[in-house]
Every structure is written in C-alpha cells, then in structure tokens.
Trainee: 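What follows is a structure written as structure tokens; I'll ask about it next.
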Amino acid sequence: MSRLQVVSGKGGTGKTTVAAALALALATEGKRTLLVEVEGRQGIAQLFETEALPYEERKIAVAPGGGEVHALAIDAERALLDYLQMFYKLGSAGRALKKLGAIDFATTIAPGVRDVLLTGKACEAVRRRDKQGRFAYDYVVMDAPPTGRITRFLNVNDEVAGLAKIGPIYNQAQAVMRVLKSPGTAVHLVTLLEEMPVQETADGVGELRAAELPVGKVIVNMVRPHVLDEEAVNGVAGDRRKEVTKALAAAGVSAPTKLVGPLLEQAAEHAQRVELEREQRAVLAKLGLPTYELPLIGEGMDLAGLYRLAGELRNLGEAR
Amino acid sequence: MTVDPAAAPLEVDPLLDDPETRIIVCCGSGGVGKTTTAAALGVRAAERGRKVVVLTIDPARRLAQSMGIDSLDNTPRQVKGIEGPGELHAMMLDMKRTFDEIVEAHADQDRARAILENPFYQSLSAGFAGTQEYMAMEKLGQLRAREEWDLIVVDTPPSRSALDFLDAPKRLGSFLDGKFIRLLMAPAKMGGRAGMKFLNVGMSMMTGTLGKLLGGQFLRDVQTFVAAMDTMFGGFRTRADATYRLLQAPGTAFLVVAAPERDALREAAYFVERLAAEEMPLAGLVLNRVHGSGAARLSAERARAAAENLEEGRIVDQGHGKNGVREAASPAGSPPDSPDPGPGQLPHQETESQTPEQPSVNQLTAGLLRLHAERMQVLKREQRTRDRFTALHPEVPVAEVAALPGDVHDLAGLRAIGDRLAGGSPATGAA
Ligand SMILES: Nc1ncnc2c1ncn2[C@@H]1O[C@H](COP(=O)(O)OP(=O)(O)OP(=O)(O)O)[C@@H](O)[C@H]1O
Ligand SMILES: Nc1ncnc2c1ncn2[C@@H]1O[C@H](COP(=O)(O)OP(=O)(O)OP(=O)(O)O)[C@@H](O)[C@H]1O
Ligand SMILES: [Mg+2]
Ligand SMILES: [Mg+2]
C-alpha cells in the first residue's frame, strides 16, 4: 500500500470527502495518517466541523480501533517564507518581501514554485521519522487539485524546468519527483457515473500515465442503489400494471390506481439512469484500473456519513 | 413540487423577450448546470425571435457537437435546427486564442511575435489561475462591441466559487499591474543600470534572491512581457475594469444557477449578496436538477412499510404466467416461499435462476415502493435546503428545473430545459 495517497477528480465529485474518508480508513487499528489540503479552502475543517486549520499539523479525528487522523492545510506563502528563511537567512527582509508582494508574486506567477512547495511539504511528511526511527505518519493522504490540473501539479520537474538550475527550489523539485514517481505514491481519481466526470477521468488517467505518474484507483462516488433494472421495468409497464395496482392495495397503500402511474414513471426514469450508468461503467472499465464504488449518503454528508464511507473503504480492502 | 409561495417565480420568457435585455450571465458553483442553462436560454430566446449568441465555456463534448461548435475556432457559428423566427449563434471560448488575439490586435507583427514567444506569456495564457475568467470577460466585451446580436448569453468558467467570475479578472489585472511587478519593471523601463539607482539596496537584494530562486531569465521574461503589454493597451486592470462596468450596465441580467444542495445554495447566497453590493442586476435563481414526484402523497415511511409487507411475503403474489401456475398450486394465504411442489423452485429464487426479466409482481411492486421512498427522501432534503435559501433571500425570484433522467446533449434536451426554465412544465410527474 502506497504511503502517499493523492486524491484528485473533477470539481465537486467528492475529492475532499473521499480523501478524508480514506485518511480515516487508513488510520484504523492504531495507525497514524496525515490528511493535507493544498488549496487554502479549509475544506477539511468544514468537513470535520472544526475551526479553521492553522499552518500546523494537528489531530482532528480518532479512527475506529484507536488510530489517529492529523490534518494540515499547507500554505504556499508560508512555505516559501520558511524556505527562504532556511536557505538565505533573510531575517526581517522576509517580511519586507511579503509586504512588497514579492512572495505573492513568486508563489502565484512562477510556474511550479507554488506546486513544488506544496508537494514538497507533503513529501517531507511522508519521509519524516520520529526519534525511534519510525515513520511519523503511516500514510499521508492529499486532497489534491482537480483532474484538469493534477498532472501539472504533480509533474513539478517539468514545471520548474524554466527556472534556475540550482538552488533549493530546483533541488526540492528533484526530491519531490523521486517520491511522486515511485510506487510509494498512488494518484486516485474520484468520479461520478456521469458523462463529464467520467470523460475527465479518462483524460486525466491518460495524462498521468504519459507523465509516468503512478495512477491508483478510480473511486466512483455517490453511487445510488439499483432497485430495479430496465428489463424489470419493461416487464411491468404493460399488462402487469393491473397486478401491481392490486399488489399495492394488498400492501396497504391507499388510492393505488392513482399512484401506479407515477410510480411506474419513476421506475422508467430509474431504469434509464441505470442504463446511462452502465454505459459510464463500461467506459471506466476500459481504463483497466481497480475501481471502488462508494454509496451516496442519502441524508447528506456529515461526520456520521464520513465514518460510514471510511467503513466502506475499509471493507473494500483499503486498510490492508 | 410546486414553487414555494415565499419565493416569487422567476419569469424567464419576459426576460428573454425584453429587447432591453442585452446580456444574460449564468453563474454558479462548479457542475451545477451553468453551461446547460446558458445554452437552453439561447435556444429558447432564438426560437422566440431574438438574434442570440451564446458564449459557452468547456461544454460537454456531445453538447458542443450537437450545436456544431466543437471546432474551437473561437468565433460564433450559427446553430442549425432552430425552429422559429430568431437566430442562434454559439461558440466555445478558447482562452489562449483569445489572449493571442488581444496581443495581435494591439501590436505590430514583430512585437506581437516577441510577446507570443515569451515563455512567461506562454505560461500565463495557457492556464493561469484567473486567465479563463479574464478571457471570458474579454470575449464578452468583444461580442458586445460587434453589435451583431441583440442578446448575448454568457456561460462562466467551471470554478468552485461563482464569485471567481467577478474576482479573478480583477485579481489577475491588479496582480499584473501590481506593486512588485512595477518595481521589477523599473530597471527595464529606465534602461538597465540607470534604473537600478532608483532601487535601494534591499530591493536589489530581494530581486537577487528571487532571481536565484526563480532564475534571472524568468524575471527578465516577466519584465519584458509586462512592459510590452503595458505600452500596448494601457494595463490589464483598466481593461478588466472596463468589462466589469459592462456587467453593471442596464440591460445585463445575472442568473445564479444552483443545485438544491447545501454547498451550492450557500455559494448562491454569497453570490446574491455580492451582486447586490456591486449593483449588478440579479434576475433570479435557477434551481437546477430538482426532483419531484407525482406520487408525493405517499410518504417515504409508508412506502417503505408497504414494501416490507410485500417482501416479507405476507401478501400473496398477484402475478400470472409462471406465478399464476404457482398461485393455482399453492393455497391462498400460505407463505409464498413455502416449498413449491411444482417446477421445484422457490418463488423468491425465481428471479435469479430463471427469468430475470419477469420478477414476481410483489417483488416489482416492492421495488417501485422502495424507489419511491428514496425519491421522497431526496425531495425532503432538497426542500429543506431550498427553504433555507428562501428564508435568507425571499426577494430572489426562483425558477425550478427538474432533473432529467439523462444528460442534456442535444437541442431537444435544451428545449426541454428551456420549457422548465420558463415554468412550462415544472418538476411534476415522476421527473
Ligand atoms: N458519498 C457521498 N454522499 C453524499 N454526498 C456526498 C458524498 N460525497 C461527497 N458528497 C457531497 O458532495 C459535495 C462535494 O463534495 P466535496 O466537497 O468532497 O467535493 P470536492 O471534489 O472536494 O469539491 P471541490 O472541487 O469544490 O473541492 C459536498 O457537499 C459533499 O458533502
Ligand atoms: N436539469 C438537468 N437534468 C439532467 N441533467 C442535467 C440537468 N442540467 C444539467 N445536467 C447535466 O449535468 C452535467 C453538468 O452540467 P453543465 O455542464 O451545464 O454544468 P456546469 O455548471 O456548466 O459545469 P462546470 O462548472 O463544470 O462548467 C451535464 O452532463 C448536463 O447534461
Ligand atoms: Mg474539495
Ligand atoms: Mg460549464
């Protein structure tokens, strides 16, 4: 099992939720995981219903069996200042740089600098060891940028190619690249069973593979249960309508003759959706990747739902 | 589902028909249906007689194909198959091309080539945070200036926050016109060493540090680029400001698209407040992919209980065919899963083992009821989130668009969405 798990996917498909559930699942049985976010949106804090995370690792949840999930919101500006401090001993000039907008400039505009700082921090957490020489975290899970940007984000070497060939950023990029391209890393893509996210997933897998980045799993999120399939619905649409009405009455439903029409219509729609989902599953199957499916939490997402998704991931074998 | 009386319905047709309406902007958070709504409004407005252009951003592939705008040439094409007196033109934004065109339009050939080849320009135009929003605004300005259409419908880029559309161009603009970039440019502008005198020691130390960090060449690329663009068209910020004013002009209407989900509606509420603060005219909220039920009288709980009755076999199967045989063989009232002497099968195994296309009527009916229970649960949740929004913003008119069972990828689908937008057939029936 890779120690760095990167979670990407089309916007809104559930990257943050899945990353958090994965961190919980991996923390089961006394393990320690670090969940990092890189886009400054405080998505983790919202999900775990805690106050905004500072630029500092802190425990945010306990997993079943006593494991711990820690979280970190990586801030590129702070990371850059730390770097400059470490390598150039800027002292108070660092603050002046920030005031002038130079830090903002460097992290915003220089291709790759920001990304190297963000991925660098995550890789550092992967490699970090405690005094006894054990890994500080068993797993690091990253709530990463969306599919459209993930390859560029991770492929930091190419990104900083135009920059200075020496210096900390360049060295950092080399080190990061070694970790990211190793089997110690897996990039998962979250999708829904809809045309656009599936298409984006297929495109994203192609780009990751072309960049020789290790693609992990496809995680299909918000899967709704299949109650009836198309054939069953076709079977009921015709002459069995009367029997269904009778069955409804027998089951204690009042005014069944009025309800049978709408109920059958709902079933026909459901069947149509099942069919569309089947098509999308077929597209995903062609990618030749292990695929997990996570259920839609019908009541809306909250902590209980998050633990449920973690349980599902564990059952799917994610914790081994 | 009917429109809550607390919120006035959004009158889409009067908005589309009003010749004073010149620009409609569809915004909202990611994946809620902005592109679909923009295209559907375009089709509807054209079929009602207006000469419309729709600017789409990253439409789904099949939708683009069906509108004939998948060629990416960054210019509007007339859409075939419009039924009615008007015309629909549509295009898909190519942000790099739009940026290149600005450069080409404002510089002579040699200068333009120098800029287009500048590495910093290339990374900026290929997908810098905010470039897409900036270029969408730019394109909107261009389309408006052409005066060829009497209505422009604008889609907005897929960003997580609707506010990005308003903020990103300015942010990019003020960044490129920012203090630090000015400082960097000073030596370039004033010509090498002479300019350096104006910089204090601290400053040169900083550029030195950044130079080491980023590479001196990179900083020089930035300097040359900004200087060239600056003399060309008077600053990014000025330009962003000009388009921004277009959005405040009378004749512009914003539609906020949202899914009936907590996060999307929270975003929508922020956006509504922001529009008010900016004095940008909000036409209303499009609540997209709303679920309804023609059988709403039957509650989730009752449907589930009835399904359990059927599944637990307390009710004799009403089926015929194979079931009919069994019905004849087993005395009424006996549990249907009692050993069957007939074909040697248990009724409940029948679906798996023999004729999956013919499950027993009880199983089918239980399935229908379970589906309904699920649907009612969704309805309830959607209603709750919606009520929260209307409580916050009772003044915002709302149009509900039913969730269609499939994707929307052709003109017929867009028309169906248009009908629902206009309140023609709201989320009724099973949809
Ligand atoms: N399995 C699920 N069941 C129900 N709701 C879900 C599920 N997964 C995610 N959600 C909900 O979907 C919405 C989007 O999820 P999330 O914020 O995790 O997505 P994201 O990909 O991180 O989005 P963004 O691109 O904005 O960062 C949230 O409201 C979340 O609660
Ligand atoms: N009312 C609806 N019923 C069914 N499907 C819909 C509906 N509205 C939109 N869709 C589908 O949902 C998907 C997303 O819609 P669309 O592309 O319009 O969203 P968007 O807000 O533009 O997304 P993005 O933020 O990625 O640009 C598309 O596949 C579209 O066909
Ligand atoms: Mg997220
Ligand atoms: Mg879109």
Side-chain angles (χ1 to χ4, degrees), chain A residues 10-12 41 84 88 90 93 96-97 100-102 104-106 108-111 113 149 162-165 167-169 194-196 199 224-225 227-228 231-232 234-236 240 243-244 246-248 250-253 255 259 261-270 272-273 276 298-300, chain B residues 29-31 60-62 119 123 129 158 160 175 178-181 183 202 205-206 209-210 212-215 218 222 262 293-295 297-298 302 305-307 309-310 315-316 318-320 356-359 361-362 364-365 367-372 374-375 377-378 381 405-407 429-431:
Chain A
K10 185 178 185 331
R41 293 176 62 211
L84 293 176
Y88 297 110
L90 285 182
L97 272 177
L100 264 176
D104 182 35
F105 171 83
T108 317
I109 214 137
V113 167
R149 285 192 279 127
L163 303 184
K165 286 281 177 274
I169 290 286
E194 291 176 10
E195 187 187 347
M196 287 185 38
Q199 186 57 53
R224 285 168 289 188
V227 183
L228 289 171
E231 286 165 343
N234 289 341
V236 87
R240 296 178 94 187
E243 298 158 33
V244 170
K246 272 195 227 160
L248 282 172
V253 174
L259 289 179
L263 289 183
L264 287 174
E265 233 174 280
Q266 282 176 188
E269 282 183 10
H270 175 79
Q272 196 182 337
R273 206 190 67 213
L276 285 174
E299 307 81 50
Chain B
S29 46
R61 216 164 281 175
R62 276 200 292 171
S123 69
R160 54 182 47 112
F175 182 76
K179 200 177 357 174
F180 187 73
I181 291 202
L183 279 173
M205 193 270 282
M206 289 172 203
T209 306
L210 282 189
K212 266 188 248 161
L213 193 71
L214 307 173
F218 178 74
V222 177
R262 198 183 41 191
S293 174
R297 284 180 296 131
L298 180 61
R302 283 193 10 239
N309 283 343
L310 289 166
I315 286 129
V316 180
Q318 310 282 327
H320 59 79
E357 71 279 10
Q358 290 272 301
V361 169
N362 277 1
L364 260 175
T365 311
L368 294 180
L369 288 163
R370 290 212 174 272
L371 263 183
H372 179 67
E374 200 194 307
R375 172 70 66 99
Q377 198 186 353
V378 172
R381 198 186 64 232
D407 284 331

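Keep in mind that this is a model prediction, so the values were computed, not measured.
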Trainee: Of all the heavy-atom pairs spanning B:Ala306 and A:Val253, show the shortest one and how long it is.
Mentor: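 Smallest heavy-atom distance, with atoms named: CB-CG2, 3.6 Å.
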Trainee: Can you tell me which portion of A:Leu263 sits under 4.5 Å from chain B's heavy atoms? Options are side chain, backbone, both or neither.
Mentor: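 Both backbone and side chain.
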Trainee: Ignoring hydrogens, what is the shortest heavy-atom contact between A:Gln272 and B:Gly406? Give both atom names and the distance.
Mentor: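 Taking A:Gln272 first and B:Gly406 second, the nearest heavy atoms are NE2-N, 4.1 Å.
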Trainee: Please tell me if the side chains of B:Leu369 and A:Leu248 come closer than 4.5 Å, counting only heavy atoms from C-beta onward.
Mentor: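 In contact.
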Trainee: Check whether B:Arg262 gets within reach of chain A through its side chain, its backbone, both or neither, counting any heavy atom under 4.5 Å.
Mentor: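 The side chain, not the backbone.
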Trainee: For the NZ atom of A:Lys246 and the OG1 atom of B:Thr365, what is their distance to the nearest 0.5 Å?
Mentor: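 One finds 11.5 Å between NZ of A:Lys246 and OG1 of B:Thr365.
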Trainee: Shortest non-hydrogen contact from B:Pro405 to A:Arg273?
Mentor: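 It is O-CG, 4.0 Å.
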Trainee: Can you measure from CZ (B:Arg62) to CD (A:Gln199) and round to the nearest 0.5 angstrom?
Mentor: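 So the gap between those two atoms works out to 10.0 Å.
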Trainee: B:Arg297 versus A:Leu259: any side-chain heavy-atom pair under 4.5 Å?
Mentor: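 Yes. Closest side-chain heavy atoms under 4.5 Å.
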Trainee: Please give me the minimum heavy-atom distance between B:Gly294 and A:Gln266, naming the atom from each residue.
Mentor: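 What the structure gives for the nearest pair is N-OE1, 4.3 Å.
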Trainee: If you look at every heavy atom in B:Glu374 and A:Pro225, which pair is closest and at what distance?
Mentor: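 In this case the closest contact between B:Glu374 and A:Pro225 is OE1-CG, 3.7 Å.
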Trainee: Which heavy atom in B:Leu310 sits nearest to a heavy atom in A:Ala247, and how many Å separate them?
Mentor: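 Result for this residue pair: CD2-O, 3.8 Å.
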